[in-house]
Amino acid sequence: MRNKIVDVKNVSAAMALLENLLTRSQIVPGMGLIHGESGFGKTTALQYLFNLDTTNGVYVRCCASDTPTSILNRIAKECGLVSTGRAYQTLDSIIECVRRNEFSLFVDEADYVVGSKKIMESFRDIYDNTEQPVVLVGMEEIARRISHRKQLHNRISEWVEFKPADLQDVATFAYELMEIDEHIQLDDAVLDHIRVKSRGVVRTILSALSKIERSVNGNPPPDGVVTMDDISSLDLFMTVARN
Ligand SMILES: Nc1ncnc2c1ncn2[C@@H]1O[C@H](COP(=O)(O)OP(=O)(O)OP(=O)(O)O)[C@@H](O)[C@H]1O
Ligand SMILES: [Mg+2]
């Protein structure tokens, strides 16, 4: 399998979100939210955004053990600052740096910290004092909890819910990532089987495609089309019997 980021619909939606935040009018608030189930490709889309030449950003990933101090120290480090002072001093340095460099801040796995009022207020402080885009990323918990927090909720002007991959996305992943003879194609029934069984989770789709890739390279279909029959003996999805 090729190691690259495929520009599927969710990735384009994330790009549009950042673009809209960067070009918003002055009276529109500038926080963004990307949410969706595990494995739908949120972190990968952020990496893609983050690596664009046009993006001037800071990426931090929250952890279960984060405290207000640890998260501020991580942001400071990503900003290239040495944080030696107290939390409020670190916050001031971050604000100054984000404002000066016009950084966008991406906060991944924000579910871990959404329960901490202090941490969420730090993100809000960074936004209020810089007016640079702050994009929070996480699963359902983040969307639900933020909707209950008026002060954060009304600063969010752009939000995207990542959707399960559809048939076209599965076909794009297969075409862009599988290292197989270019004349070999996967039958639509196979692509749809992968879509249904994976429930649109990219992580699961890629592991199924990688198994098919290995099988096809060892034993190519004579007519150039991989059908359901060809994959019937492959164990593509981990299924656990529930008793
Ligand atoms: N657009 C893409 N192009 C190529 N690979 C992708 C893409 N999106 C996701 N993947 C692959 O699928 C895997 C899962 O994606 P990712 O980790 O981004 O999901 P996530 O939504 O952040 O999940 P979690 O909520 O568990 O953190 C990644 O390891 C990556 O290899
Ligand atoms: Mg992730």
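Read the numbers this way: they start at 1 and go in the same order the structure lists the ligands and their atoms. All figures in this text were calculated on a predicted structure; none of them were measured in a lab.
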ask   = Is the Mg ion (ligand 2) less than 2.8 Å from at least one N/O/S atom of Thr43?
value = yes
message = Within a 6.0 Å radius of atom CD on Gln47, are there more than 12 heavy atoms belonging to other residues, nucleotides or ligands?
response = yes
ask   = Can you find an N/O atom of Gly41 closer than 3.5 Å to an N/O atom of ligand 1?
value = yes
ask   = Is there at least one pair of N or O atoms, one from Arg61 and one from ligand 1, spaced under 3.5 Å apart?
value = no
ask   = What are the two closest heavy atoms between Glu37 and Glu140, and how far apart are they?
value = N-OE2, 4.1 Å
message = If we check side-chain contact (heavy atoms from CB on, under 4.5 Å) with Met178, which of these qualifies: Asn217, Leu209, Val226?
response = Leu209
request  = Measure from the side-chain N and O atoms of Asp230 to the backbone N and O of Thr227, and report whether any donor-acceptor pair falls under 3.5 Å.
outcome  = yes
request  = Ignoring hydrogens and angles, state whether a donor on the side chain of Thr172 or Asp169 is under 3.5 Å from an acceptor on the partner side chain.
outcome  = no
key: Contact check: Val6 vs ligand 1, nitrogen or oxygen atoms, below 3.5 angstrom   = yes
query = Starting from atom 4 (C) of ligand 1, which protein heavy atom do you reach first, and at what distance in Å?
reply = Lys4 O, 3.2 Å
message = Any heavy atom of Glu109 closer to ligand 1 than 4.0 angstrom?
response = yes
ask   = Are any non-hydrogen protein atoms located under 4.0 Å from atom 29 (O) of ligand 1?
value = no
query = Does Arg124 use its side chain to pair, donor to acceptor, with the backbone of Leu152 at less than 3.5 Å?
reply = no
ask   = Is it the case that more than 12 heavy atoms not belonging to Lys117 sit under 6.0 Å from its NZ atom?
value = no
ask   = Do any nitrogen or oxygen atoms of Gly39 come within less than 3.5 Å of a nitrogen or oxygen of ligand 1?
value = yes
request  = Report the nearest protein non-hydrogen atom to atom 5 (N) of ligand 1: residue, atom name, distance rounded to 0.1 Å.
outcome  = Leu206 CD1, 3.6 Å
